[in-house]
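Here's the structure we're looking at; comments come further down.
When a residue number appears, it is its place in the shown sequence, counting from 1. Note: hydrogens, waters and symmetry copies are ignored here, and every other heavy atom, side chains too, is used.
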Amino acid sequence: MSDAFSRLAPFIQEYIYHHQWTELRPVQIAACQVIFDTDAHLLVTAATAAGKTEAAFLPILTLLHANPAATIGALYISPIKALINDQFERLNDLLKEADIPVWHWHGDVSQSRKNKLIKNPQGILQITPESLESLLINKNNDLLRLFGDLRFVIIDEIHAFMGSERGCQIICQLQRLAKLTQKQPRRIGLSATLGDYSIAENWLRSGTDKPVITPEPDGIKRQIKLAVEHFYITDEVDESEAIAYEQYIFNLSKSRKCLIFANNRTQTESVIASLRQIATEQRLPDIYHVHHGSISASLRQAAENAMREPYNPAVTAATLTLELGIDIGHLERVIQLESPLSVASFLQRLGRSGRRGEAADMRLICAEDKPLLEASLPEQIPWQLLQAIAIIQLYLEEQWIEPIRPIKYPLSLLYHQTMSILTAAGEISPNALAKQIFSLPPFAAILKEDFQLLLRYLIDIGHIQHTEQGKLILGLAGEKVVRKFQFYAVFAEQQEYIVKQGATQIGSIVTPPAVGNQFALAGRTWEVVEVDFKKKAIFVKQAEGKARIYWRGSGGTIHTKVLQRMQQVLFENIEYSYLQKNALQRLRKVRQLVQQVGLDKQNLLQLEKGKCCIFPWMGTVAYRTLERLLNSYCRESLEIISIGGVNPYYLTIKLGKDKFKYLYNEIASLCEQTISSEDLVSTSEAPEIQKYDQFIPHPLLRKAFASDYLDIRELKQQVALWKEENIAQ
């Protein structure tokens, strides 16, 4: 055992011996050195199951054991409740012998348990950002007693927070605590999927003067097994192909411990219903579960328990909810339906399997509707297959992961933190409020006049009001917003209808079907017996057969580098070793097609009469910018009748007669002009994207949209890559 081991508390050494660890892992030794020998923040980056959680907690617990904190000594912040529950069990096991209590705090924890912590705040508190916000507002007078001697903040899965309003919220919360306690606890960030460490380091140290140390990952190469297959699944044309797709997934997961990732809730429901039906026909046991945000907590817990159960096969289809680091035991295989949205997501999902020194095993299955004979060129391209290959190649060739794009104007959060500080204080002077807001790092780009404009607007709409003494207090309209428990979250939650079978809660759906109609939820089919619109409840009974349910999923943001690698996949001659028979045939077929039409030589192609198509090969943000550029500046000159397409893959445009020959030059010349992103947002619009954007003055919303959702610079760079001589005139 290493020198780091000898420095750990005796109860930890015993725990290590008892669990028959032969050695500390490299990441754990490195973390011990940073925590024991420096006062720096720490960023722990290592593959899934490399022991990151222990790397943070073993040295922290040693220090807290030797010198107990007078209040809560360590705060652990997690993106999801399930991860807290998982870590709570692991820490409880570790701390049985030590006099350090562990508390978990979120919506499912009983009030009596929370009251015990409030009464005697000690040890470690595990919490979500939303519950921490609730503490900052509702326990404002107790915060010093709770956190006065806080020494460490551990932020798990930091890639899930960075570049989001929720991540900015955490930085605000830590700054507000530090202002109150006059102490800056050390921050430890944990992640398995970070590309550029410097971005993560800057985020982690926000508002503090301590450096961040990131030990080099151990560089152990993991073995991976990959396979990509393709299916056509248009039911109307040939049902046998749809059946072959379902049977293929069934065979891959049969009698295994297997996790199926889908990009939306609808897919998880559909695949589990199909697998369960096949299992029933073959008189095989029902080992199937669904895990997503609209499934009840008890059914999600049942799925997690089934996955942890050793030696028993279990198959769970999940969305993001099982992508993060919940320990679900010995997982034999991961199946991904369609392409992951990003290299980071691919890595995170791949890392769920092969956790005990075995090869990680991932199968990607891309399905598409069979293109109709009259389908246009862009509809004949298997975009999901290309994206899956591009993402795999970017990881295999370069170990590249998407850099996280920081938010410059988090206006929804600005409203949220303004109201949160005001609610916690009761009343506050405008100057004191502004001083607090401008001390929070996420608002560094907000101008004083922007904040004044917001405050005046909030007074106008009754969210804030002036007292006779010149102080600010909550207005009546503001009270209605902040007094709801949903206020603590900066992300919007859809108000869904609770689905119940008798007294048992199954989950929730957005729109209630009519009585007598059937729908799918938790991988089963239900018939609606009654709908209580007032209580937003749907009462159901179980039904036979397969039904569908549809959730609208957001597509997410795809990086330009992924699109560029997709372009390369389409035009290079390499046949990748992991492609299975159908996938290889589909790739050969589309490569032949694009060469026939000359897409390898040009980005713009004329389709049927008056219609043309742009293949921009740029990411979601630049694509959105191009669409607006065409809309704002080319409607008249090119006589544009309509613009459509699928972001970020292609744009179809209907032009006036003989206008196609001017299209490239028009775009290229516009990209040489001094057009800014602001010029692409009209004064008549105010894009409301985040939760509290409805309470933001419209000029600020336009400014934020131009900065955070458009990128004229990147668009110009990408258009410069389109070679004029390669464009068909």
Please tell me if the side chains of Ile404 and Ser164 come closer than 4.5 Å, counting only heavy atoms from C-beta onward.
-> no

Do you know the tightest heavy-atom contact between Leu190 and Ala56?
-> CD2-CB, 4.0 Å

Would you say the side-chain atoms of Glu714 and Thr625 include a donor-acceptor pair closer than 3.5 Å?
-> no

Could you tell me whether the side chains of Gln111 and Asn115 share a donor-acceptor contact shorter than 3.5 Å?
-> yes

How long is the span from the NZ atom in Lys210 to the CG atom in Leu204, to the nearest 0.5 Å?
-> 11.5 Å

Side chain to side chain donor-acceptor pair (under 3.5 Å) pairs, two or more places apart, involving residues 674-684 = Ser676-Glu678, Ser676-Asp679, Ser682-Ser684

Thr38 side chain to Val34 main-chain N or O, any donor-acceptor pair under 3.5 Å?
-> yes

Is a side-chain N or O of Asn202 found less than 3.5 angstrom from the main chain of Ser198, in a donor-acceptor match?
-> yes

Separation between CG of Leu135 and CG of Leu117, rounded to the nearest 0.5 Å = 8.0 Å

Do His463 and Tyr415 have ring centres separated by under 6.0 Å?
-> yes

First locate atom CD1 of Ile558, then atom OG1 of Thr620, and finally report the distance between them rounded to the nearest 0.5 Å.
-> 5.0 Å

Tell me, please, which residues at least two apart from Glu468 pass side chain to side chain contact (heavy atoms under 4.5 Å, CB included).
-> none

Quick one: does Leu440's side chain get under 4.5 Å of Ile171's, heavy atoms only?
-> no

Could I get the full list of ring-ring contact (aromatic ring centres under 6.0 Å, His included) partners for Tyr409, not counting sequence neighbours?
-> none

Using atom types as modelled and distance alone, determine if a side-chain donor or acceptor of His416 lies under 3.5 Å from a backbone N or O of Phe487.
-> yes

Partners passing ring-ring contact (aromatic ring centres under 6.0 Å, His included) against Phe152 (at least two apart in sequence or in another chain) | none

Specify the closest pair of heavy atoms between Ala192 and Gln348, including all atoms of both residues, with the distance to one decimal.
-> CB-OE1, 4.2 Å

Go through the steps for His292 and Thr319 under the test side-chain hydrogen bond (donor to acceptor under 3.5 Å, both in side chains), then give the verdict.
-> CA-CA 6 Å; His292 59 66; Thr319 52; 5.8 Å; no

Below 4.5 Å, heavy atoms only, C-beta onward: do Leu700 and Ile446 meet side chain to side chain?
-> no

Taking Lys114 for the side chain and His106 for the main chain, is one N or O donor matched with an acceptor at less than 3.5 Å?
-> yes

May I have the step-by-step check of side-chain contact (heavy atoms from CB on, under 4.5 Å) for Ile464 and Met419, ending in yes or no?
-> CA-CA 8 Å; Ile464 290 176; Met419 299 299 277; 4.0 Å; yes

Tell me, please, which residues at least two apart from Lys691 pass side chain to side chain contact (heavy atoms under 4.5 Å, CB included).
-> Ser412, Gln486, Ala489, Ala492

Spacing of Trp103 atom CH2 and Ile118 atom CD1 [to the nearest 0.5 Å] = 10.0 Å

Just wondering, do Pro410 and Ile407 contact through their side chains at under 4.5 Å, heavy atoms?
-> yes

Test item: Leu394 and Lys561 side chains (from C-beta on) under 4.5 Å apart, heavy atoms = yes

Determine, step by step, whether Glu201 and Arg187 satisfy the salt bridge (charged side-chain N to carboxylate O under 4.0 Å, His left out) criterion, reporting the C-alpha distance in whole Å, the side-chain angles of both residues, the deciding distance to 0.1 Å, and the verdict.
-> CA-CA 10 Å; Glu201 288 167 352; Arg187 298 177 186 172; over 6 Å; no

Answer with yes or no whether the side chains of Asn138 and Tyr488 bring together a donor and an acceptor at under 3.5 Å.
-> yes

Would you mind listing every side chain to side chain donor-acceptor pair (under 3.5 Å) that reaches into residues 143-153, with sequence neighbours excluded?
-> Asp149-Arg151, Asp149-Lys183

Go through the side-chain N and O atoms of Gln184 and Gln175 and say whether any donor and acceptor fall under 3.5 Å apart.
-> yes

Taking atom SG of Cys168 and atom CD of Gln173, what is their separation to the nearest 0.5 Å?
-> 11.5 Å

Are Met618 and Leu563 side-chain neighbours, meaning at least one heavy-atom pair lies under 4.5 Å?
-> no

For Gln465, check side chain to side chain contact (heavy atoms under 4.5 Å, CB included) against everything at least two apart and list the hits.
-> Ile473

Kindly indicate, with the supporting measurements, whether the criterion side-chain contact (heavy atoms from CB on, under 4.5 Å) is fulfilled by Ile689 and Phe705.
-> CA-CA 9 Å; Ile689 295 165; Phe705 182 79; 3.6 Å; yes

Does the Asp708 side chain pair with the main chain of Lys408, one donor and one acceptor, at a distance under 3.5 Å?
-> yes

Donor-acceptor pair, side chain of Ser345 and main chain of Ser342, under 3.5 angstrom | no

What pairs of residues pass the salt bridge (charged side-chain N to carboxylate O under 4.0 Å, His left out) test when at least one of them lies in residues 160-177, not counting sequence neighbours?
-> Glu130-Arg166, Glu133-Arg176

Check whether any side-chain heavy atom of Leu455 sits under 4.5 Å from a side-chain heavy atom of Leu433, and report yes or no.
-> yes

Sorted by chain and number, sequence neighbours left out, ring-ring contact (aromatic ring centres under 6.0 Å, His included) with Trp400 holds for His559

Of all heavy-atom pairs between Ala424 and Asn140, which one has the smallest distance, and what is that distance?
-> O-ND2, 3.1 Å

Rounding to 0.5 Å, atoms CG (Leu125) and CD1 (Ile77) come to a distance of 9.0 Å

Short side-chain to backbone donor-acceptor contact, Thr208 and Arg205, under 3.5 Å | yes

Contacts of Asp460 that satisfy salt bridge (charged side-chain N to carboxylate O under 4.0 Å, His left out) - sequence neighbours left out = none

Using modelled atom types only, decide if a donor and an acceptor are shared between the side chain of Thr181 and the backbone of Leu177 within a distance under 3.5 Å.
-> yes

With sequence neighbours left out, write down each residue that passes salt bridge (charged side-chain N to carboxylate O under 4.0 Å, His left out) with Arg628, or none if nothing qualifies.
-> Glu685

Taking every heavy atom of Ile199 against every heavy atom of Pro403, the minimum-distance pair comes out as CD1-CB, 3.9 Å

Among pairs that include at least one residue of residues 439-459, which meet side chain to side chain donor-acceptor pair (under 3.5 Å), considering only residues two or more places apart or in two chains?
-> Asp450-Lys703

Where do Ser429 and Lys471 come nearest, in terms of heavy atoms and distance?
-> N-CD, 3.6 Å

Minimum heavy-atom distance between Gly619 and Thr560, given as atom pair plus value = N-OG1, 2.7 Å

Can you check whether Ala40's main-chain N or O pairs, donor with acceptor, with Arg186's side chain at less than 3.5 Å?
-> yes

Hey, can you tell me if Phe695 and Tyr692 have their rings parallel, tilted or perpendicular (30° and 60° cut-offs)?
-> parallel

Is there side-chain contact between Leu701 and Glu688, with heavy atoms separated by less than 4.5 Å?
-> yes

